[in-house]
Amino acid sequence: MPGFELWGEEERKHVNDVLETGILMRYGFDGPRKGIWKSKELEKAITETFNCKYAQLTSSGTAALTTAMAALGIGVGDEVIMPSFTFVASFEAVLSVGATPILVDIDNTLTLNPEAVKKAITTKTKCIMPVHMCGSMANLDALQTICKEHNLLLLEDACQSIGATYKGKYLGTIGNAGTFSFDFVKTITCAEGGAVLTNDEKVYTNCDGFTDHGHDHNGVDRGADLHPFLGYNFRISELHAAVGLAQINKLQNFLSIQRKNHAALKNILAQVPEVSFREIPDANGDSCTFLSWFLPSEKITTAFVEEMKQQGILAGNFYWYANNWHYIKQWHHLKEVKSLYNFNEEQKAALLKLQTQNFEQSDAIMKCCISTSISLLWTDEQIQEKGNKMVNAIKKALATN
Ligand SMILES: *Cc1c(COP(=O)(O)O)cnc(C)c1O
């Protein structure tokens, strides 16, 4: 998963270009910056790498999601259908624009179950937001069909799946908009940063202004810019963009290492007949940041986790079901509306409803699911050793449960 594992001279060089001019801001200072425009360069690299028309950098992936919502006109009274398994940032962004998150069950793709989505549609539904978790994709054909039928927006949270594709198109470029995160543990990193990708010029123009206080960026003088709408400051800095520029140039290399290591580990685990794997709607498009797999029962899965813990080798294996940040079960702050400021009534009602909502189908999947993060640094011997240790722990859990 993480680009930080292969940090080096390339990042240093791009950062030094910025340090030499001292112009750390992405806008203005045209003379003193001496032709160094790292943010603009990175946006261009994103559009070229992922074959989309427009990209807007932001200060984080969360900011990218918030920006995308605003740019798509999602706000108070609008419902956004999203999965019960994601990182908290997905619902934070929905709430931040005053909209209402509607959480629904996942299926074996580890993201939105199209049937659950259909059932959740109301007259207030405005957007469907699949989250392409752990490097792989949602069933986008089914979700696009639902969007067309009900005239809904599709916003892809592709923060964890940079470089993954679905039927030949990059995740994040298929919906009305998509988002990436470049935080420190993502496939490529800027330290902190994110991007909104879109093929819609209007959505892009909205993103461009929204992330910079509403500036229309039409003038040569920032002070003379007009403000056609309200915005915020979700800008990325030139230092962060410089790191991202080095990283995006390494992306294809990262992906090929991930795919090789993922295949090797999967081969080892597949020798255990009781192990099954996540459903991948387009297996060729998996970015392979994680290998997500299932054991036959909750008891066996928790026994495996305990065994790995006891041996001190659990690191890199994520049991999301018990995790505080990625699954509805532990989102008590959300379900109890523990906000520092007042939410609108529709938001409050929807969140309180989560306390009694049935997530049996998601529970059944997540109880038995482990995601193993794939390192860029593993040697073939290390993969074999790691795989063997995992297989032994699995066999022990199976034998005793
Ligand atoms: C990381 C992540 C985000 C948020 O990105 P940040 O850059 O950390 O703000 C959003 N959604 C998902 C699914 C993520 O994994």
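This structure is a prediction, so every number in the text was calculated from the model and none was measured. Atoms within each ligand, like the ligands themselves, are counted from 1 in listed order.
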- Atom indices of ligand 1 within 4.0 angstrom of Asp157 heavy atoms, with elements: 10 (C), 11 (N), 12 (C), 13 (C)
- Query: Do Glu79 and Lys126 sit within salt-bridge range, that is, some charged N less than 4.0 Å from a carboxylate O?
  - Reply: no
- Item | Gln160 side chain vs Cys134 backbone, donor-acceptor pair below 3.5 Å | yes
- Does a side-chain N-to-carboxylate-O contact under 4.0 Å join Lys396 and Glu307? yes
- Query: Hey, is His132 one of the residues with a heavy atom under 4.0 angstrom from ligand 1?
  - Reply: no
- Query: Do Glu20 and Lys34 sit within salt-bridge range, that is, some charged N less than 4.0 Å from a carboxylate O?
  - Reply: no
- Item | Residues Arg235, Asp212: salt bridge by 4.0 Å N-O rule | yes
- Message: When you compare ligand 1 with Glu192, is there at least one nitrogen or oxygen pair between them that comes in under 3.5 angstrom?
- Response: no
- Query: Of all the atoms in ligand 1, which lie at a distance below 4.0 Å from a heavy atom belonging to Ala89?
  - Reply: 3 (C), 4 (C), 10 (C)
- Under 3.5 Å between some N or O of ligand 1 and some N or O of Thr62? yes
- Provide the number and element of each atom of ligand 1 under 4.0 Å from a heavy atom of Ser60. 7 (O), 9 (O)
- State whether Arg26 and Glu43 are salt-bridged, where the test is any N-O pair (Lys NZ or Arg NE/NH1/NH2 against Asp/Glu carboxylate O) under 4.0 Å. yes
- Considering only heavy atoms of Cys159, which atoms of ligand 1 have at least one such atom less than 4.0 Å away? 2 (C), 3 (C), 10 (C), 11 (N), 12 (C), 14 (C)
- Task: Please could you name the atoms of ligand 1 that Asp183 approaches to less than 4.0 Å, counting only its heavy atoms?
- Result: 1 (C), 6 (P), 7 (O), 8 (O)
- Task: Compute the shortest N/O to N/O distance between Val131 and ligand 1 and return yes if it is under 3.5 Å, no if not.
- Result: no
- For the pair Glu149 and Lys118, find out whether any cationic side-chain nitrogen is under 4.0 Å from an anionic carboxylate oxygen. no
